[in-house]
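Along the sequence shown, residues are numbered consecutively beginning with 1. Just so you know, ligand 1 is whichever comes first in the structure, and atom 1 is the first atom listed for that ligand.
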Amino acid sequence: MKDQLLKLRDEALAAIAGVSDAGAIQEMRVRYLGKKSELSRVLGGLGKLPTVEERRAMGALGNEIKQAITQALDAREAELAAAELEARLAAERIDVTLPGAPVRRGHLHILYQVIHRIEEIFIAMGYEVAESRQVETDWYNFEALNIPKGHPARDAQDSLFISDEVLLRTHTSNTQIRYMLEVAKGRTPVKIICPGRVFRRDFEDATHAMMFHQVEGLVIDKGITLASLKGALTEMARGLFGPDVGIRLRPSYFPFTEPSAEMDISCIFCGGKGCRTCKGSGWIEIGGSGMVHPNVLRAGGYDPEEVSGWAFGYGPERVAMLMYGIEDIRHFVTGDMRFLRQF
Ligand code: PHE
């Protein structure tokens, strides 16, 4: 019996050592320790052993073997469970150092980058940024700016009318009047720039759009002259295009300024020598300017005998087109990401 038992033990231990599947352990428990196992069958024969000593000894050996097999099963089970966990962890491992899926970061529209640049230049010179409405009354858009009803200058700034008295503003000059009347209220100095969207009934082409932007400047104080206009414009041009750029004021006409001047910058492509962009002149026109007309000062609540002022206005689209070599004004509004992502 002893040999039988030892043989059973060796067989069981060898089988347990060789098992590689945690699920099979339970089967083995039944096979080697269950009621119908070989071990149970052999031990069932204990009663037939001739002496008490033999029975006792074989019983004890049987128990030892049961214990040994149980232990071996438990140990193997634990080993397999650990290995399984290890394998799962390895399979499900996340490499936190892998680069993630890129999220494309947006950025400010190129036109607003340029407008912000212009604002920064003027803020540094002590100007305030003023904004007002895009839907405006005839009075703020035209009449207060010395363009009475029926004035021929209206033809150059035809707009989209909502009613006889309300229109989409044709320039940001309405902000000048609103600032004088609603914010400054006769106080000096006034130093503002007015960026914003304007509308005209224009036929669209590479350089004209029915919706575009303007940046205007307005300064009012005692003793303001054209010299300070030229100084501010020069500062602005240098801030945008570099230290070598110059400004030229060319006599012109605007109803809201007297005298009036077109403002040119020295050609940023040829440095003033003359090239295709400046059509050989060495200068590029970028906007209008002049001394604020007495009627405009009056409309804004200022006495032209007491104070004087200057104003200028230009389109930041044109500046952006020059700065970045953009050939068509319509690119700014098509929303084509291939265009916008370049800047
Ligand atoms: N508001 C004018 C325009 O749209 C531009 C301008 C502003 C000209 C101030 C002179 C002075 O044409």
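Not a single ring pair (Phe, Tyr, Trp, His ring centres under 6.0 Å) links Phe269 to another residue, sequence neighbours left out.
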List, pair by pair, the atoms of ligand 1 and of the protein that are both N or O and lie under 3.5 Å apart, giving the separation rounded to 0.1 Å.
from: ligand 1; atom 1: 1 (N); to: His171; atom 2: ND1; distance (Å): 3.1
from: ligand 1; atom 1: 1 (N); to: Ser173; atom 2: OG; distance (Å): 3.0
from: ligand 1; atom 1: 1 (N); to: Glu216; atom 2: OE2; distance (Å): 2.6
from: ligand 1; atom 1: 4 (O); to: Arg200; atom 2: NH2; distance (Å): 2.8
from: ligand 1; atom 1: 4 (O); to: Gln214; atom 2: NE2; distance (Å): 2.6

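Through direct or indirect side-chain contacts shorter than 4.5 Å among Ile, Leu, Val, Met, Phe, Trp and Tyr, Leu98 is connected to no other residue.
Salt-bridge formation is detected for the pair Arg117/Glu120: a Lys NZ or Arg NE/NH1/NH2 atom is positioned less than 4.0 Å from an Asp or Glu carboxylate oxygen. With respect to the salt-bridge test (charged N to carboxylate O, under 4.0 angstrom), the residues Glu131 and Arg178 do not qualify. The existence of a salt bridge linking Arg250 and Glu285 is confirmed by a sub-4.0 Å separation between a basic side-chain nitrogen and an acidic carboxylate oxygen.
Applying the ring pair (Phe, Tyr, Trp, His ring centres under 6.0 Å) rule to pairs touching residues 152-192 yields His171-Phe256, sequence neighbours excluded.
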